[in-house]
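Right, one structure below, let's go through it.
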Amino acid sequence: MSERSYLFKLFSDDYFRLINQTGVRQRVGLCGITHGGCWDNLLAPDGTYYFSPSDESGTGKHTRLVAYDYDTDSAKICVYPERVTVSRVREQPMTKFHESLTVLPDGRIFMTTHTTDRAPHQPEWMPMALSTHIWEGFPGSHMFVYDPKTGAVENWGIPVPRETIYGATYDSVKNCIYMIGFMRGHVYCFNLDDRSLKDLGKAAEIFCYRLHVGPDKHIYAMTKSGYLWRINVETQKLEDLNWRLPEFEGNYCNNTWYRYMSYAVDLNDHEMIFCGFCSDDFYIYDCNTMQVRSIGKKFPTDELIDAYPVTKACNEFALDKDGVIWYPMTTYSFQKPDDDFRKYSFSDYLVRWDFQNGKAPEVLGMIGGIDHSHGQTSGIKIDKDRDLLYMVDSGGVANVGLSVIAIDLAVFRQHMYEPGPLAQDPRMHPVDMNEEEIERFKRRSRAGEEVTDRNPFQAFPIEDVTPVRLWRSVPHTNIEDSKVIGLVWDCDNVLHGICGENTRYCFKVIDGKVAEIQPLDEAEMGYRAWLEANILPRPFNAEDIKVKMPHVTGRQWLSDPTALTEWNGGRKIVGTNDGLLGIINAAGDKIFSLGNAAPYGPIRSLCTNADKTRLWGTAGDKEMLGIVFYFDDEGGIQQLGMLSYNTHGYMDGPSASNILSAVAVNADESLIAVGGADRIGSIHIAKLK
């Protein structure tokens, strides 16, 4: 790596220098709310600034919608979610309105609830592990509408059971709300005229929220792995735009974790500016040419500090009346040295970039006041008519609450280059760890956002998994042709398979990469015949099964067989449409029920080792996250978990499959491949231990 330039020496006066305080108003803990986070804000047409305090403390706090009025310097709580829902203490709480605040044509404000916290008695703060538990999990996001004129709040119900909505926006072309799910990445279209809901399919692996209405009225977004896509609002279909946010030298988080579009703003009638959360550059997308170009680096140096690389993230940005970009730069210490046994939080810096006049980005200082600096700024909006800039933090102090900053830009610009005071917020200044804290720091792991050490739910450890994004190997105009139909290993550990929906393709995967792919009907006849004879899952005739299948009480109608494989001793193992597994004896006249291999949904695929003593399978309803399971005669059924990977440092971006259509294990039982039949079809190859 080449020598990296930096802006500040760690903990120097320049590092702690705040923005000039002229024209700056800071309000902390408005309305007495002590929530520590915020992941949605909105500037309404009438100039009211809305934000939604959120919480992840495990205390079961519900979010709020708060309105702040600059002229009266006052705030009020507009929405209490628990007052318009029947919220139960065993459920995960409604902790956020997350990037879904949007204004409807009549001036009302639409929003969806979201959760990333646990009920006080639960160990897991993310919804994945509890997604199939109808009492302990999250029932699904509610759609709320708030009327600023009357103060009335309406609950429009749960659009997607068991899913938590991560982002939403309004489409004026067809009078619809588009939403995207947090766990499964599906896009949903809610029609406001007839209240119908349409599932457009899986657009992103996981954790994708920003839905931006572009100047052409289509809605743009990016997967968390960095691929640009849009919702065509005329056809109401998803379209891949065949562009990926690049890697950047030394940018650890962008290259392995956060690569999605964090925000976008329309520049004119055919161009929009956008940035990736951790990308080095800002970009312009031209709706006319459907091309992307960089407008340059969003930070004036390679690094923020001299000590070690930190993530320079931008969650949102705004354009002022002169077309200048303003944005908070949030820093994270994911690469903190192993021998730095000090506790400290990084602050945010306010950056101004007059890019249209050829200027470079300017760092104006740390965001906040002397006693309360912003540890994470999640929202920024500019009222161009009144020349006011608003920001809200998401790193609030416990029992103190959030900081909302309003800046009178007409006044601030006259003094913005004059040094501000030094930040005294104790969170930002280093304190030595005690022995217990040092030991805990040494044991730290690269935990993903979605998993804890106490309650993991992934089928295989991420360090043992190689994702294969098959959806990047089929024509980008027909992404759905990546849906995996079947898989098989050859004796040389080459993985073969068939995928497709409209056109079928055959492919080979060598060393974790797609080495060959072609339409199946163009493949050599002998190879095609071998594939069709050997891929798993194998077809079977359900009428040949003469025994009564095991069932869940009251769901006998779902007991039909869906998967079958040979087992030792002349027996067979069969799975049902309701997630149950059984062993049919050699005579074929009795079945021994093994119980649930998955909470719900069909057994989709089964495979065994050569001796037929070990079995792997996949199961799950089409609206579940999908389950991989294992069985042998000694240990019985083991639910291994889901295929949802989002931990930094291991992959070139997150990867996930939910409809697990195929499973295959190689000859020496060292590798397992699991294929997904989602719209963005993927294969996950894992080492077996």
### Query
Does any non-hydrogen side-chain atom of Leu304 lie less than 4.5 Å from one of Phe299?
yes
#### Entry: Heavy-atom closest pair, residues Gly368 and Ile19
O-CG1, 4.5 Å
### Query
Can you tell if the side chain of Asp408 reaches within under 4.5 Å of the side chain of Leu388, non-hydrogen atoms only?
yes
### Query
So do the side chains of Val66 and Ile33 get within less than 4.5 Å of each other, counting heavy atoms only?
yes
### Summary
Hits for ring pair (Phe, Tyr, Trp, His ring centres under 6.0 Å) against His429, two or more places apart or cross-chain, chain-then-number order -> Phe16
### Task
Using a strict 4.0 Å threshold on nitrogen-to-oxygen distance, state whether Arg4 and Glu303 make a salt bridge.
yes
### Query
Taking NZ, NE, NH1 and NH2 as the nitrogens, is one of them in Arg440 or Glu435 under 4.0 Å from a carboxylate oxygen of the other?
no
### Task
Kindly write out the residues that satisfy ring pair (Phe, Tyr, Trp, His ring centres under 6.0 Å) with Phe334, not counting sequence neighbours, or none if the list is empty.
Trp257, Tyr332, His648
### Query
Quick one: do Asp147 and Lys149 make a salt bridge, cutoff under 4.0 Å?
no
### Summary
Distance col, row Asp432:CG vs Glu437:CD, nearest 0.5 angstrom, shows 10.0 Å
#### Entry: Beyond-backbone contact of Phe346 with Ser333, side-chain heavy atoms, under 4.5 angstrom
yes
### Message
Check whether Arg118 reaches the backbone of Pro123 with its side chain - one donor and one acceptor, N or O, closer than 3.5 Å.
### Response
no
### Query
Looking just at side-chain N and O atoms, do Thr115 and Gln92 make a donor-acceptor pair shorter than 3.5 Å?
no
### Task
Answer yes or no: is there a side-chain heavy-atom contact under 4.5 Å between Lys312 and Thr301?
no
### Qualifying residues under side chain to side chain donor-acceptor pair (under 3.5 Å), relative to Asn357, sequence neighbours excluded
Asp354
### Task
State, yes or no, whether a side-chain contact exists between Leu364 and Tyr417 at a heavy-atom distance under 4.5 Å.
yes
### Task
For residues 59-75, pull every pair meeting salt bridge (Lys or Arg N to Asp or Glu O under 4.0 Å), keeping only residues two or more places apart or in separate chains.
Arg25-Asp73, Arg27-Asp73, Arg64-Glu82, Asp71-Arg386
#### Entry: Of all pairs that satisfy salt bridge (Lys or Arg N to Asp or Glu O under 4.0 Å), the ones with a partner from residues 35-59, not counting sequence neighbours
Glu56-Lys96
### Query
With a 6.0 Å cut-off on ring centres, are Tyr68 and Tyr49 close enough?
no
#### Entry: Those residues that, when tested against Lys298, pass salt bridge (Lys or Arg N to Asp or Glu O under 4.0 Å) (two or more places apart)
none
### Query
Who are the side chain to side chain contact (heavy atoms under 4.5 Å, CB included) partners of Pro246, not counting sequence neighbours?
Trp243, Phe248, Tyr283
### Message
Nearest 0.5 angstrom please: Leu211 CG to Ile180 CD1, how far?
### Response
5.5 Å
### All pairs passing salt bridge (Lys or Arg N to Asp or Glu O under 4.0 Å) where residues 356-379 contributes a residue, at least two apart
Arg352-Glu362
### Task
Report yes or no: do Asn646 and Tyr650 form a side-chain donor-acceptor pair below 3.5 Å?
no
### Task
Would you please say whether a donor-acceptor pair under 3.5 Å links the side chains of Ser87 and His62?
yes
### Query
Once the angle between the rings of Tyr285 and Tyr220 is folded into 0 to 90°, is it parallel (under 30°), tilted (30 to 60°) or perpendicular (over 60°)?
tilted
#### Entry: Gln21 side chain to Ile370 backbone, donor-acceptor under 3.5 Å
no
### Query
What is the ring orientation for Phe144 with Phe97, classed by angle as parallel under 30°, tilted 30 to 60°, or perpendicular over 60°?
perpendicular
#### Entry: Mutual orientation of the aromatic rings belonging to Tyr166 and Phe182 [parallel < 30°, tilted 30-60°, perpendicular > 60°]
perpendicular
### Summary
Met179 and Ala168 have their tightest heavy-atom pair at CG-CB, 3.7 Å
### Query
Can you tell me if Asp348 and Thr377 form a side-chain donor-acceptor pair at under 3.5 Å?
yes
Just distance, no hydrogens or angles: give the donor-acceptor pairs under 3.5 Å from side chains in residues 5-12, sequence neighbours left out.
{"unit_1": "Ser5", "atom_1": "OG", "unit_2": "Asp302", "atom_2": "N", "d": "3.0"}
{"unit_1": "Ser5", "atom_1": "OG", "unit_2": "Asp302", "atom_2": "OD2", "d": "3.3"}
{"unit_1": "Tyr6", "atom_1": "OH", "unit_2": "Lys9", "atom_2": "NZ", "d": "3.4"}
{"unit_1": "Ser12", "atom_1": "OG", "unit_2": "Lys9", "atom_2": "O", "d": "2.8"}
{"unit_1": "Ser12", "atom_1": "OG", "unit_2": "Tyr15", "atom_2": "N", "d": "3.2"}

### Stepwise side-chain contact (heavy atoms from CB on, under 4.5 Å) test for Leu422 and Asp13
CA-CA 7 Å; Leu422 298 181; Asp13 282 356; 3.7 Å; yes
### N/O donor-acceptor pair under 3.5 Å between Thr63 side chain and Pro53 backbone
yes
### Task
Classify the side-chain pair Thr95/Asp117 by whether it contains a donor and acceptor separated by less than 3.5 Å.
no
### Summary
Sorted by chain and number, sequence neighbours left out, side chain to side chain contact (heavy atoms under 4.5 Å, CB included) with Ala360 holds for none
### Query
What is the distance from atom CE of Met222 to atom OH of Tyr209, rounded to the nearest 0.5 Å?
11.0 Å
### Query
To the nearest 0.5 Å, how far apart are CZ in Phe317 and CE in Met329?
11.5 Å
### Message
Applying salt bridge (Lys or Arg N to Asp or Glu O under 4.0 Å) as the test, list every pair that has at least one member in residues 269-280; sequence neighbours left out.
### Response
Glu271-Arg293, Asp280-Lys297
### Query
Can you tell me how far the OG1 atom of Thr223 sits from the CZ atom of Phe207, to the nearest 0.5 Å?
14.0 Å
### Task
Measure from the side-chain N and O atoms of Thr256 to the backbone N and O of Tyr252, and report whether any donor-acceptor pair falls under 3.5 Å.
yes
### Query
Any side-chain heavy-atom pair from Leu350 and Val363 closer than 4.5 angstrom?
no
### Message
Can you see whether Thr164 engages His114 through a side-chain donor-acceptor pair at a distance of less than 3.5 angstrom?
### Response
yes
### Message
Tell me if a side-chain donor or acceptor on Ser141 pairs with a main-chain N or O of Thr113 at a distance below 3.5 Å.
### Response
yes
### Message
Could you walk me through whether Ile405 and Val392 satisfy the side-chain contact (heavy atoms from CB on, under 4.5 Å) test, starting with their C-alpha distance in whole Å, then the side-chain angles of each, then the deciding distance to 0.1 Å, before giving a yes or no?
### Response
CA-CA 6 Å; Ile405 288 178; Val392 61; over 6 Å; no
### Non-hydrogen side-chain atoms of Ser225 and Glu205 separated by less than 4.5 Å
yes
### Pair Arg413 + Asp320: basic N to acidic O under 4.0 Å
yes
### Query
For residues Glu316 and Asn41, is any side-chain donor paired with an opposing acceptor at under 3.5 Å?
yes
### Task
Look up atom OG in Ser644 and atom CD1 in Ile206, then write down how far apart they are to the nearest 0.5 Å.
3.0 Å
### Query
Do the side chain of Ser347 and the main chain of His374 share a donor and acceptor less than 3.5 angstrom apart?
yes
#### Entry: Exercise: do Trp39 and Ser394 side chains pair donor with acceptor under 3.5 Å
yes
### Message
Could you tell me if Thr22 and Asn20 have a donor-acceptor pair between their side chains, going purely by distance under 3.5 Å?
### Response
yes
## Note on the structure
Hits for side chain to side chain contact (heavy atoms under 4.5 Å, CB included) against Asp652, two or more places apart or cross-chain, chain-then-number order -> Arg244, Glu247, Arg259, Arg469
### Query
Any cation-pi pair here, Lys336 with Tyr308, using under 6.0 Å and within 45°?
no
